[in-house]
J.: 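I'd like to ask some things about the structure below.
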Amino acid sequence: MSRPLPRFVLTKQVKDRTRYYWTLPTHYRRQGCTLHKEHETALGDDYEVACGKEGAGGRAAVLNGLFDDWDRMRLGEPPKPKVEIRAGTVDWLFRTYKTSSDWKNRVSKRTAPDYEITMDLLADLVGQSGIRVGDRMVTSITPVVADKLYEKIRTTPVRKGKSERPRSAEKVVVLCRHAWRAVQRLHPAMFIDGPAWNPWDGVAMEKRKHATKPAVSREDVYAFAWGAIGLGQVQPAAAAVICFEWLQRPENVLAGYVTWTGYRSKDHPNQIRIEHHKTGEMVLHPLEEAVEGERVLFYEEAEQVLATLPKLGTGLIMKPGRTDKHVATPWDIHTMARHVRKLREQLGLPGTFTLDACRHGGMTELEEAELTDGQGRALSGHKSKAYEGYAKRTEKRALAATRKRYAHVLATQATAQAPTDRDADEAQPLVTADQNLRKNTPHR
(Lines give C-alpha, C1' and ligand atoms only; values in the text may rest on other atoms or scores of the structure.)
Protein backbone atom coordinates (compact mmCIF):
# COMPACT_ATOMS: atom_id res chain seq x y z
CA MET A 1 0.00 0.00 0.00
CA SER A 2 1.53 3.33 -1.13
CA ARG A 3 1.77 6.20 1.33
CA PRO A 4 0.93 9.81 0.44
CA LEU A 5 3.95 11.92 -0.46
CA PRO A 6 4.28 15.64 0.26
CA ARG A 7 4.74 18.13 -2.53
CA PHE A 8 8.07 17.91 -4.42
CA VAL A 9 9.00 14.62 -2.73
CA LEU A 10 10.18 11.74 -4.90
CA THR A 11 11.24 8.23 -3.94
CA LYS A 12 14.12 6.08 -5.07
CA GLN A 13 14.66 2.39 -4.41
CA VAL A 14 18.14 1.74 -3.03
CA LYS A 15 18.72 -1.99 -2.55
CA ASP A 16 15.96 -3.10 -0.19
CA ARG A 17 15.11 0.39 1.11
CA THR A 18 13.02 3.29 -0.13
CA ARG A 19 14.72 6.65 0.16
CA TYR A 20 12.93 10.00 0.02
CA TYR A 21 14.18 13.12 -1.76
CA TRP A 22 12.88 16.68 -1.90
CA THR A 23 13.27 17.73 -5.56
CA LEU A 24 12.72 21.34 -6.61
CA PRO A 25 11.14 21.58 -10.09
CA THR A 26 13.35 23.03 -12.81
CA HIS A 27 10.83 25.83 -13.41
CA TYR A 28 11.50 27.34 -9.99
CA ARG A 29 15.22 26.81 -10.27
CA ARG A 30 15.16 28.98 -13.40
CA GLN A 31 13.21 31.60 -11.46
CA GLY A 32 16.16 31.89 -9.06
CA CYS A 33 15.17 29.62 -6.19
CA THR A 34 18.30 28.11 -4.62
CA LEU A 35 16.77 26.06 -1.80
CA HIS A 36 18.01 22.84 -3.39
CA LYS A 37 21.58 24.17 -3.05
CA GLU A 38 21.28 25.52 0.48
CA HIS A 39 19.51 22.59 2.13
CA GLU A 40 19.97 18.86 2.43
CA THR A 41 17.39 17.45 0.01
CA ALA A 42 17.99 13.80 0.85
CA LEU A 43 15.33 13.17 3.49
CA GLY A 44 16.45 9.68 4.53
CA ASP A 45 14.67 6.34 4.46
CA ASP A 46 12.39 6.81 7.50
CA TYR A 47 8.94 7.80 6.19
CA GLU A 48 7.78 9.66 9.28
CA VAL A 49 11.05 11.58 9.66
CA ALA A 50 11.02 12.52 5.97
CA CYS A 51 7.30 13.08 5.40
CA GLY A 52 5.58 13.03 8.80
CA LYS A 53 2.38 11.18 9.52
CA GLU A 54 0.30 10.68 6.38
CA GLY A 55 2.68 12.92 4.42
CA ALA A 56 1.78 16.08 6.36
CA GLY A 57 5.00 16.90 8.19
CA GLY A 58 8.62 15.88 8.64
CA ARG A 59 11.59 17.42 6.91
CA ALA A 60 9.64 17.82 3.69
CA ALA A 61 7.13 20.15 5.40
CA VAL A 62 9.96 22.41 6.52
CA LEU A 63 11.39 22.65 3.01
CA ASN A 64 7.96 23.24 1.50
CA GLY A 65 7.34 25.99 4.04
CA LEU A 66 10.61 27.66 3.05
CA PHE A 67 9.64 27.35 -0.60
CA ASP A 68 6.26 28.98 0.10
CA ASP A 69 8.00 31.91 1.81
CA TRP A 70 10.31 32.30 -1.19
CA ASP A 71 7.42 32.08 -3.63
CA ARG A 72 5.45 34.77 -1.79
CA MET A 73 8.47 37.07 -1.85
CA ARG A 74 8.87 36.41 -5.58
CA LEU A 75 5.26 37.43 -6.15
CA GLY A 76 5.58 40.50 -3.96
CA GLU A 77 3.45 39.12 -1.12
CA PRO A 78 4.43 39.26 2.58
CA PRO A 79 5.71 35.98 4.04
CA LYS A 80 3.26 33.90 6.02
CA PRO A 81 3.43 34.73 9.75
CA LYS A 82 5.23 32.04 11.72
CA VAL A 83 2.86 30.57 14.27
CA GLU A 84 5.32 27.95 15.48
CA ILE A 85 8.94 26.98 14.94
CA ARG A 86 9.37 24.07 12.57
CA ALA A 87 11.23 21.09 13.97
CA GLY A 88 14.69 20.57 12.52
CA THR A 89 15.44 24.23 11.75
CA VAL A 90 18.15 26.42 13.21
CA ASP A 91 15.49 28.33 15.17
CA TRP A 92 14.32 25.00 16.59
CA LEU A 93 17.90 24.06 17.51
CA PHE A 94 18.43 27.27 19.48
CA ARG A 95 15.07 26.93 21.23
CA THR A 96 15.87 23.32 22.14
CA TYR A 97 19.29 24.32 23.41
CA LYS A 98 17.78 27.00 25.67
CA THR A 99 15.47 24.43 27.25
CA SER A 100 18.24 21.86 27.81
CA SER A 101 19.99 21.07 31.08
CA ASP A 102 23.23 22.10 29.40
CA TRP A 103 21.94 25.68 29.11
CA LYS A 104 20.59 25.60 32.65
CA ASN A 105 23.84 24.42 34.21
CA ARG A 106 26.40 26.25 32.06
CA VAL A 107 24.87 29.63 31.18
CA SER A 108 24.55 32.19 33.97
CA LYS A 109 21.85 34.86 34.19
CA ARG A 110 24.46 37.47 33.43
CA THR A 111 25.63 35.93 30.15
CA ALA A 112 22.27 34.54 28.95
CA PRO A 113 21.16 37.83 27.27
CA ASP A 114 24.46 38.02 25.38
CA TYR A 115 24.03 34.41 24.21
CA GLU A 116 20.53 35.18 22.95
CA ILE A 117 21.76 38.23 21.05
CA THR A 118 24.40 36.05 19.39
CA MET A 119 21.77 33.45 18.42
CA ASP A 120 19.54 36.13 16.91
CA LEU A 121 22.50 37.57 15.01
CA LEU A 122 22.94 34.27 13.17
CA ALA A 123 19.27 33.28 12.91
CA ASP A 124 18.20 36.63 11.40
CA LEU A 125 20.94 36.56 8.77
CA VAL A 126 19.43 36.36 5.27
CA GLY A 127 21.11 34.38 2.50
CA GLN A 128 21.11 34.93 -1.24
CA SER A 129 17.81 33.09 -1.52
CA GLY A 130 16.14 35.58 0.82
CA ILE A 131 15.57 32.91 3.47
CA ARG A 132 16.56 33.50 7.09
CA VAL A 133 19.24 31.21 8.46
CA GLY A 134 16.91 30.46 11.37
CA ASP A 135 14.34 29.00 8.95
CA ARG A 136 16.86 26.68 7.32
CA MET A 137 17.29 23.05 8.27
CA VAL A 138 20.21 22.24 10.53
CA THR A 139 21.32 19.65 7.98
CA SER A 140 21.80 22.45 5.44
CA ILE A 141 24.50 24.07 7.58
CA THR A 142 27.51 22.24 6.17
CA PRO A 143 31.13 23.10 7.00
CA VAL A 144 31.31 25.18 3.81
CA VAL A 145 28.16 27.08 4.80
CA ALA A 146 29.48 27.60 8.35
CA ASP A 147 32.67 29.13 6.93
CA LYS A 148 30.64 31.48 4.74
CA LEU A 149 28.36 32.52 7.62
CA TYR A 150 31.37 33.29 9.81
CA GLU A 151 32.94 35.36 7.06
CA LYS A 152 29.70 37.24 6.34
CA ILE A 153 29.17 38.16 9.99
CA ARG A 154 32.81 39.18 10.38
CA THR A 155 32.86 41.48 7.36
CA THR A 156 29.39 43.01 7.69
CA PRO A 157 29.63 46.40 9.48
CA VAL A 158 27.09 47.14 12.19
CA ARG A 159 27.60 50.89 12.32
CA LYS A 160 29.49 53.65 10.57
CA GLY A 161 33.17 53.77 11.22
CA LYS A 162 33.46 50.07 12.03
CA SER A 163 34.26 47.91 9.01
CA GLU A 164 34.40 44.51 10.70
CA ARG A 165 33.18 42.72 13.80
CA PRO A 166 35.58 39.81 14.44
CA ARG A 167 34.54 39.38 18.07
CA SER A 168 30.86 38.86 17.14
CA ALA A 169 31.83 36.32 14.48
CA GLU A 170 33.97 34.39 16.99
CA LYS A 171 31.10 34.31 19.49
CA VAL A 172 28.78 32.87 16.83
CA VAL A 173 31.21 30.07 16.02
CA VAL A 174 31.88 29.15 19.66
CA LEU A 175 28.21 29.26 20.63
CA CYS A 176 27.01 27.30 17.60
CA ARG A 177 29.69 24.68 18.02
CA HIS A 178 28.48 23.95 21.53
CA ALA A 179 24.75 24.28 20.76
CA TRP A 180 25.03 21.85 17.81
CA ARG A 181 26.84 19.34 19.99
CA ALA A 182 24.32 19.60 22.85
CA VAL A 183 21.19 19.31 20.68
CA GLN A 184 22.63 16.60 18.41
CA ARG A 185 23.13 14.46 21.47
CA LEU A 186 19.46 14.89 22.42
CA HIS A 187 17.93 14.59 18.93
CA PRO A 188 20.32 12.67 16.64
CA ALA A 189 17.54 11.85 14.13
CA MET A 190 17.24 15.53 13.20
CA PHE A 191 20.81 15.66 11.96
CA ILE A 192 22.62 14.17 9.01
CA ASP A 193 22.80 10.38 8.85
CA GLY A 194 26.04 8.63 9.71
CA PRO A 195 28.71 9.48 12.30
CA ALA A 196 28.03 12.57 14.37
CA TRP A 197 29.76 15.64 12.96
CA ASN A 198 29.65 19.32 13.73
CA PRO A 199 29.88 21.90 10.89
CA TRP A 200 31.31 24.50 13.28
CA ASP A 201 34.29 22.35 14.27
CA GLY A 202 37.43 23.57 12.56
CA VAL A 203 36.11 26.93 11.34
CA ALA A 204 39.30 28.91 10.69
CA MET A 205 38.84 32.15 12.60
CA GLU A 206 41.01 35.13 11.81
CA LYS A 207 43.75 35.76 14.34
CA ARG A 208 43.40 39.03 16.19
CA LYS A 209 44.92 40.74 19.17
CA HIS A 210 42.61 40.31 22.13
CA ALA A 211 42.03 43.45 24.13
CA THR A 212 43.06 43.32 27.77
CA LYS A 213 40.24 43.89 30.20
CA PRO A 214 40.65 47.11 32.18
CA ALA A 215 41.68 46.99 35.82
CA VAL A 216 41.23 49.93 38.19
CA SER A 217 43.57 50.89 41.00
CA ARG A 218 42.94 50.85 44.74
CA GLU A 219 42.96 54.65 44.77
CA ASP A 220 40.20 54.84 42.15
CA VAL A 221 38.09 52.21 43.95
CA TYR A 222 38.03 54.15 47.20
CA ALA A 223 37.68 57.50 45.44
CA PHE A 224 34.55 56.04 43.86
CA ALA A 225 33.34 54.49 47.12
CA TRP A 226 33.63 57.58 49.30
CA GLY A 227 32.39 59.82 46.51
CA ALA A 228 29.32 57.63 45.97
CA ILE A 229 28.64 57.55 49.71
CA GLY A 230 28.82 61.35 49.75
CA LEU A 231 26.14 61.38 47.04
CA GLY A 232 23.93 58.99 49.01
CA GLN A 233 24.69 55.95 46.82
CA VAL A 234 26.00 53.46 49.38
CA GLN A 235 25.03 50.30 47.46
CA PRO A 236 27.27 50.94 44.40
CA ALA A 237 30.07 52.06 46.76
CA ALA A 238 30.01 48.84 48.77
CA ALA A 239 29.63 46.69 45.63
CA ALA A 240 32.81 48.19 44.13
CA VAL A 241 34.78 47.56 47.34
CA ILE A 242 33.57 43.93 47.63
CA CYS A 243 34.54 43.22 44.02
CA PHE A 244 37.99 44.72 44.54
CA GLU A 245 38.93 43.51 48.01
CA TRP A 246 37.33 40.07 48.08
CA LEU A 247 37.41 39.34 44.34
CA GLN A 248 33.73 38.53 44.06
CA ARG A 249 32.10 38.51 40.63
CA PRO A 250 29.68 41.44 40.14
CA GLU A 251 26.73 39.21 39.26
CA ASN A 252 27.22 37.27 42.51
CA VAL A 253 27.51 40.43 44.59
CA LEU A 254 24.27 41.79 43.15
CA ALA A 255 22.48 38.43 43.44
CA GLY A 256 22.95 38.45 47.21
CA TYR A 257 25.69 35.83 47.56
CA VAL A 258 27.56 38.06 50.03
CA THR A 259 25.30 37.91 53.09
CA TRP A 260 25.17 39.52 56.51
CA THR A 261 25.30 36.07 58.08
CA GLY A 262 28.59 35.45 56.26
CA TYR A 263 30.16 38.70 57.48
CA ARG A 264 31.75 38.34 60.94
CA SER A 265 29.30 35.61 61.90
CA LYS A 266 29.20 33.84 65.27
CA ASP A 267 31.04 30.84 63.82
CA HIS A 268 33.62 33.01 62.00
CA PRO A 269 33.77 36.37 63.80
CA ASN A 270 37.03 37.41 62.14
CA GLN A 271 36.20 36.42 58.55
CA ILE A 272 33.93 37.19 55.61
CA ARG A 273 32.52 34.36 53.53
CA ILE A 274 32.65 34.80 49.75
CA GLU A 275 30.82 32.21 47.67
CA HIS A 276 31.83 31.93 44.01
CA HIS A 277 28.80 30.60 42.17
CA LYS A 278 30.68 30.00 38.91
CA THR A 279 33.27 27.65 40.41
CA GLY A 280 31.29 26.43 43.42
CA GLU A 281 34.14 27.52 45.70
CA MET A 282 33.61 29.18 49.09
CA VAL A 283 36.47 31.28 50.48
CA LEU A 284 36.74 32.54 54.06
CA HIS A 285 38.77 35.76 53.91
CA PRO A 286 40.50 36.66 57.20
CA LEU A 287 39.63 40.18 58.31
CA GLU A 288 42.06 40.52 61.21
CA GLU A 289 44.69 38.86 63.36
CA ALA A 290 46.50 39.52 66.61
CA VAL A 291 50.21 40.39 66.28
CA GLU A 292 52.13 40.62 69.54
CA GLY A 293 48.88 41.26 71.38
CA GLU A 294 47.75 44.01 69.02
CA ARG A 295 44.76 43.78 66.69
CA VAL A 296 45.62 44.17 63.02
CA LEU A 297 42.73 44.88 60.61
CA PHE A 298 43.48 43.74 57.06
CA TYR A 299 40.54 45.56 55.44
CA GLU A 300 39.93 48.51 57.77
CA GLU A 301 38.85 50.98 55.09
CA ALA A 302 36.67 48.40 53.34
CA GLU A 303 34.85 47.67 56.58
CA GLN A 304 34.32 51.37 57.11
CA VAL A 305 32.52 51.41 53.75
CA LEU A 306 30.41 48.38 54.71
CA ALA A 307 29.47 50.14 57.95
CA THR A 308 27.45 52.64 55.88
CA LEU A 309 25.20 49.90 54.47
CA PRO A 310 21.66 49.57 55.83
CA LYS A 311 20.44 46.03 56.49
CA LEU A 312 17.68 45.65 53.90
CA GLY A 313 17.70 41.86 53.59
CA THR A 314 19.93 38.82 53.80
CA GLY A 315 22.41 40.18 51.25
CA LEU A 316 24.75 43.08 51.86
CA ILE A 317 23.90 44.58 48.47
CA MET A 318 20.11 44.81 48.18
CA LYS A 319 17.66 47.23 46.61
CA PRO A 320 14.60 48.59 48.44
CA GLY A 321 11.34 47.42 46.90
CA ARG A 322 9.38 49.85 44.72
CA THR A 323 6.03 49.40 46.42
CA ASP A 324 7.23 48.36 49.86
CA LYS A 325 10.63 49.70 50.88
CA HIS A 326 10.82 47.14 53.66
CA VAL A 327 10.84 44.31 51.09
CA ALA A 328 14.29 44.29 49.51
CA THR A 329 15.10 42.76 46.12
CA PRO A 330 18.40 41.88 44.35
CA TRP A 331 19.87 44.45 42.01
CA ASP A 332 19.62 43.98 38.26
CA ILE A 333 23.15 44.00 36.90
CA HIS A 334 22.28 46.38 34.05
CA THR A 335 20.56 48.82 36.40
CA MET A 336 23.58 48.83 38.69
CA ALA A 337 25.87 49.33 35.68
CA ARG A 338 23.92 52.48 34.76
CA HIS A 339 24.33 53.79 38.33
CA VAL A 340 28.08 53.12 38.22
CA ARG A 341 28.45 54.89 34.85
CA LYS A 342 26.57 57.94 36.12
CA LEU A 343 28.58 58.09 39.33
CA ARG A 344 31.98 57.71 37.65
CA GLU A 345 31.14 60.66 35.38
CA GLN A 346 30.12 62.79 38.35
CA LEU A 347 33.29 61.86 40.23
CA GLY A 348 35.61 62.34 37.25
CA LEU A 349 36.84 58.75 37.16
CA PRO A 350 38.02 56.94 33.99
CA GLY A 351 35.41 55.63 31.54
CA THR A 352 36.79 52.12 32.08
CA PHE A 353 35.63 52.08 35.72
CA THR A 354 33.12 49.22 36.15
CA LEU A 355 32.44 46.64 38.84
CA ASP A 356 34.15 44.05 36.66
CA ALA A 357 37.20 46.32 36.36
CA CYS A 358 37.22 46.58 40.17
CA ARG A 359 37.51 42.80 40.45
CA HIS A 360 40.24 42.72 37.81
CA GLY A 361 42.07 45.43 39.75
CA GLY A 362 41.98 43.28 42.87
CA MET A 363 43.30 40.28 40.94
CA THR A 364 46.12 42.40 39.54
CA GLU A 365 47.03 43.58 43.03
CA LEU A 366 47.49 39.95 44.08
CA GLU A 367 50.10 39.52 41.36
CA GLU A 368 51.82 42.80 42.18
CA ALA A 369 52.09 41.59 45.79
CA GLU A 370 54.12 38.67 44.33
CA LEU A 371 51.83 35.98 45.71
CA THR A 372 52.43 32.47 44.49
CA ASP A 373 49.90 30.93 42.12
CA GLY A 374 48.53 28.78 44.93
CA GLN A 375 48.16 31.74 47.29
CA GLY A 376 46.39 33.80 44.65
CA ARG A 377 43.96 31.02 43.81
CA ALA A 378 43.26 30.48 47.51
CA LEU A 379 41.96 34.04 47.69
CA SER A 380 40.25 34.26 44.29
CA GLY A 381 38.50 30.88 44.39
CA HIS A 382 39.80 29.80 40.98
CA LYS A 383 40.15 26.08 40.35
CA SER A 384 42.24 26.20 37.18
CA LYS A 385 44.90 28.30 35.51
CA ALA A 386 42.20 30.80 34.55
CA TYR A 387 43.61 32.79 37.47
CA GLU A 388 46.66 33.65 35.37
CA GLY A 389 44.51 35.45 32.80
CA TYR A 390 43.43 38.09 35.31
CA ALA A 391 46.92 39.28 36.12
CA LYS A 392 47.75 42.43 34.19
CA ARG A 393 51.24 43.06 32.82
CA THR A 394 51.76 46.31 34.69
CA GLU A 395 55.02 48.28 35.05
CA LYS A 396 55.11 47.37 38.75
CA ARG A 397 55.00 43.67 37.95
CA ALA A 398 57.62 44.10 35.23
CA LEU A 399 59.92 45.99 37.63
CA ALA A 400 59.54 43.32 40.32
CA ALA A 401 60.28 40.59 37.77
CA THR A 402 63.32 42.49 36.47
CA ARG A 403 64.68 42.90 40.01
CA LYS A 404 64.33 39.18 40.67
CA ARG A 405 65.96 38.30 37.35
CA TYR A 406 68.83 40.73 37.92
CA ALA A 407 69.40 39.35 41.41
CA HIS A 408 69.45 35.84 39.97
CA VAL A 409 72.06 36.82 37.36
CA LEU A 410 74.30 38.44 40.00
CA ALA A 411 74.02 35.41 42.28
CA THR A 412 74.88 33.06 39.41
CA GLN A 413 77.91 35.12 38.40
CA ALA A 414 79.14 35.35 41.97
CA THR A 415 78.84 31.60 42.40
CA ALA A 416 80.76 30.94 39.18
CA GLN A 417 83.62 33.36 39.98
CA ALA A 418 84.22 32.54 43.65
CA PRO A 419 86.44 29.42 44.10
CA THR A 420 85.45 26.99 46.79
CA ASP A 421 87.75 25.83 49.63
CA ARG A 422 88.04 22.44 47.97
CA ASP A 423 89.16 24.05 44.71
CA ALA A 424 91.90 25.95 46.59
CA ASP A 425 93.13 22.82 48.38
CA GLU A 426 93.27 20.84 45.16
CA ALA A 427 95.04 23.64 43.29
CA GLN A 428 97.96 23.95 45.79
CA PRO A 429 99.60 20.52 45.23
CA LEU A 430 99.39 21.03 41.49
CA VAL A 431 101.26 24.30 41.66
CA THR A 432 103.93 22.80 43.96
CA ALA A 433 104.42 19.80 41.71
CA ASP A 434 104.81 22.03 38.70
CA GLN A 435 107.38 24.17 40.46
CA ASN A 436 109.38 21.11 41.54
CA LEU A 437 109.31 19.80 37.99
CA ARG A 438 110.83 23.01 36.73
CA LYS A 439 113.60 22.98 39.39
CA ASN A 440 114.72 19.44 38.61
CA THR A 441 114.66 19.81 34.86
CA PRO A 442 118.11 20.73 33.38
CA HIS A 443 118.28 23.68 31.01
CA ARG A 444 119.32 22.99 27.44
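Below, all heavy atoms of this structure are taken into account, side chains as well, without hydrogens, waters or symmetry copies.
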J.: More than 12 non-hydrogen atoms from neighbouring residues, nucleotides or ligands closer than 6.0 Å to CD on Glu54, yes or no?
T.: no
J.: Could you list the residues that satisfy side-chain hydrogen bond (donor to acceptor under 3.5 Å, both in side chains) with Gln233, not counting sequence neighbours?
T.: none
J.: Would you mind listing every salt bridge (charged side-chain N to carboxylate O under 4.0 Å, His left out) that reaches into residues 343-355, with sequence neighbours excluded?
T.: none
J.: Tell me every residue that passes side chain to side chain contact (heavy atoms under 4.5 Å, CB included) with Pro350, counting only those two or more places apart in sequence or in another chain.
T.: Asp220, Thr352
J.: Could you pull out the closest heavy-atom pair between Gln248 and Glu275, with the gap in Å?
T.: NE2-O, 2.8 Å
J.: For His268, enumerate each residue passing the side-chain hydrogen bond (donor to acceptor under 3.5 Å, both in side chains) test, keeping only those at least two apart in sequence or located in another chain.
T.: Gln271
J.: Going through the distances and angles, do Arg132 and Asp91 end up as a salt bridge (charged side-chain N to carboxylate O under 4.0 Å, His left out)?
T.: CA-CA 10 Å; Arg132 287 176 65 251; Asp91 280 337; 3.0 Å; yes
J.: Could you give all pairs that pass the salt bridge (charged side-chain N to carboxylate O under 4.0 Å, His left out) test and reach residues 258-270, with sequence neighbours left out?
T.: Arg264-Glu288, Arg264-Glu303
J.: If I compare all heavy atoms of Gly313 with all of Ala328, which pair ends up nearest, and what's the gap?
T.: N-CB, 4.4 Å
J.: Under the side chain to side chain contact (heavy atoms under 4.5 Å, CB included) test against Val173, which residue among His178, Met205, Arg154 passes?
T.: Met205
J.: Where do Val203 and Pro199 come nearest, in terms of heavy atoms and distance?
T.: CG2-O, 4.0 Å
J.: At what distance, to the nearest 0.5 angstrom, does CZ of Phe67 lie from CH2 of Trp22?
T.: 7.0 Å
J.: For Tyr47 and Gly55, indicate whether the former's side chain and the latter's backbone hold a donor-acceptor pair under 3.5 Å.
T.: yes
J.: CG of Asp46 to OH of Tyr20: how many Å apart, nearest 0.5 Å?
T.: 8.5 Å
J.: Could you tell me whether Asp45 and Lys15 have a side-chain N and a carboxylate O separated by less than 4.0 Å?
T.: no
J.: Scan for side chain to side chain donor-acceptor pair (under 3.5 Å) pairs involving residues 327-340, sequence neighbours excluded, and state none if there are none.
T.: Asp332-Thr335, Thr335-Arg338
J.: Look up atom CG in Leu287 and atom CH2 in Trp246, then write down how far apart they are to the nearest 0.5 Å.
T.: 6.0 Å
J.: Check this for me, if you would: do Glu245 and Arg218 make a salt bridge, where the nitrogen-to-carboxylate-oxygen distance has to be below 4.0 angstrom?
T.: yes
J.: Before giving the answer on side-chain contact (heavy atoms from CB on, under 4.5 Å), spell out for Ile274 and Leu247 the whole-Å C-alpha distance, their side-chain angles and the decisive distance to 0.1 Å.
T.: CA-CA 9 Å; Ile274 299 296; Leu247 315 171; over 6 Å; no
J.: Hey, are the side chains of Val241 and Tyr299 touching, using non-hydrogen atoms and a 4.5 Å cut-off?
T.: no
J.: At what distance, to the nearest 0.5 angstrom, does NZ of Lys152 lie from CG of Leu125?
T.: 4.5 Å
J.: Distance check, rounded to the nearest 0.5 Å: Asp124 atom CG versus Asp135 atom CG?
T.: 9.0 Å
J.: Do Phe244 and Glu365 touch side chain to side chain, with heavy atoms closer than 4.5 Å?
T.: yes
J.: Would you please name every residue forming a side-chain hydrogen bond (donor to acceptor under 3.5 Å, both in side chains) with Thr308, sequence neighbours left out?
T.: none
J.: Do you know the tightest heavy-atom contact between Glu170 and Tyr150?
T.: N-CE1, 4.2 Å
J.: Counting C-beta onward and ignoring hydrogens, is there a side-chain heavy-atom pair between Asp102 and Leu186 closer than 4.5 Å?
T.: no
J.: Grab the two heavy atoms, one from Leu122 and one from Cys176, that are nearest each other, plus how far apart they are.
T.: CD2-SG, 3.3 Å
J.: Between the side chain of Thr96 and the main-chain N/O of Trp92, is any donor-acceptor distance below 3.5 Å?
T.: yes
J.: Is the shortest heavy-atom distance from the side chain of Ile242 to the side chain of Leu306 under 4.5 Å?
T.: yes
J.: Has the side chain of Lys319 got a donor or acceptor atom that lies under 3.5 Å from a matching backbone atom of Leu254?
T.: no
J.: With a 4.5 Å heavy-atom cut-off, do Thr118 and Val174 have their side chains touching?
T.: no
J.: Tyr257 and Glu251: side-chain contact (heavy atoms from CB on, under 4.5 Å), yes or no, with the steps?
T.: CA-CA 9 Å; Tyr257 282 93; Glu251 63 269 26; over 6 Å; no
J.: Quick one, Phe353 and Val340 - any side-chain contact, counting heavy atoms below 4.5 Å?
T.: yes
J.: Looking at side-chain heavy atoms only, is the closest gap between Arg136 and Val145 below 4.5 Å?
T.: yes
J.: To the nearest 0.5 Å, what is the distance between OG1 (Thr259) and CD1 (Ile317)?
T.: 11.5 Å
J.: For Lys98 and Val107, run side-chain contact (heavy atoms from CB on, under 4.5 Å): C-alpha distance rounded to whole Å, both residues' side-chain angles, the deciding distance at 0.1 Å, then the answer.
T.: CA-CA 9 Å; Lys98 288 193 290 183; Val107 181; over 6 Å; no
J.: Test of understanding: with ring-ring contact (aromatic ring centres under 6.0 Å, His included), list the residues that count as partners of Trp103, not counting sequence neighbours.
T.: Tyr97, Tyr115
J.: side-chain hydrogen bond (donor to acceptor under 3.5 Å, both in side chains) with Asp120: which residues, sequence neighbours excluded?
T.: none
J.: Taking only residues two or more places apart in sequence, or in another chain, which ones meet Glu116 in a salt bridge (charged side-chain N to carboxylate O under 4.0 Å, His left out)?
T.: none
J.: How close do Leu309 and Ala238 get, counting heavy atoms only, and between which atoms?
T.: CD1-CB, 3.6 Å
J.: Please check if atom CZ in Arg7 has more than 12 non-hydrogen atoms from other residues, nucleotides or ligands closer than 6.0 Å.
T.: yes
J.: Taking only Lys NZ, Arg NE, NH1 and NH2, and the carboxylate oxygens of Asp or Glu, determine whether Lys171 and Asp114 approach each other closer than 4.0 Å.
T.: yes
J.: I'd like to know if the side chain of Arg165 reaches the main chain of Thr156, judged simply by a donor and an acceptor atom lying under 3.5 Å from each other, with no hydrogens or angles considered.
T.: yes
J.: Using the test side chain to side chain contact (heavy atoms under 4.5 Å, CB included), find all partners of Thr314 that sit at least two apart in sequence or belong to another chain.
T.: none
J.: Just to verify, what does Arg29 make a salt bridge (charged side-chain N to carboxylate O under 4.0 Å, His left out) with, not counting sequence neighbours?
T.: none
J.: Could you walk me through whether Trp200 and Ile141 satisfy the side-chain contact (heavy atoms from CB on, under 4.5 Å) test, starting with their C-alpha distance in whole Å, then the side-chain angles of each, then the deciding distance to 0.1 Å, before giving a yes or no?
T.: CA-CA 9 Å; Trp200 301 95; Ile141 309 299; 4.0 Å; yes
J.: Answer yes or no: is there a side-chain heavy-atom contact under 4.5 Å between Thr261 and Arg273?
T.: yes
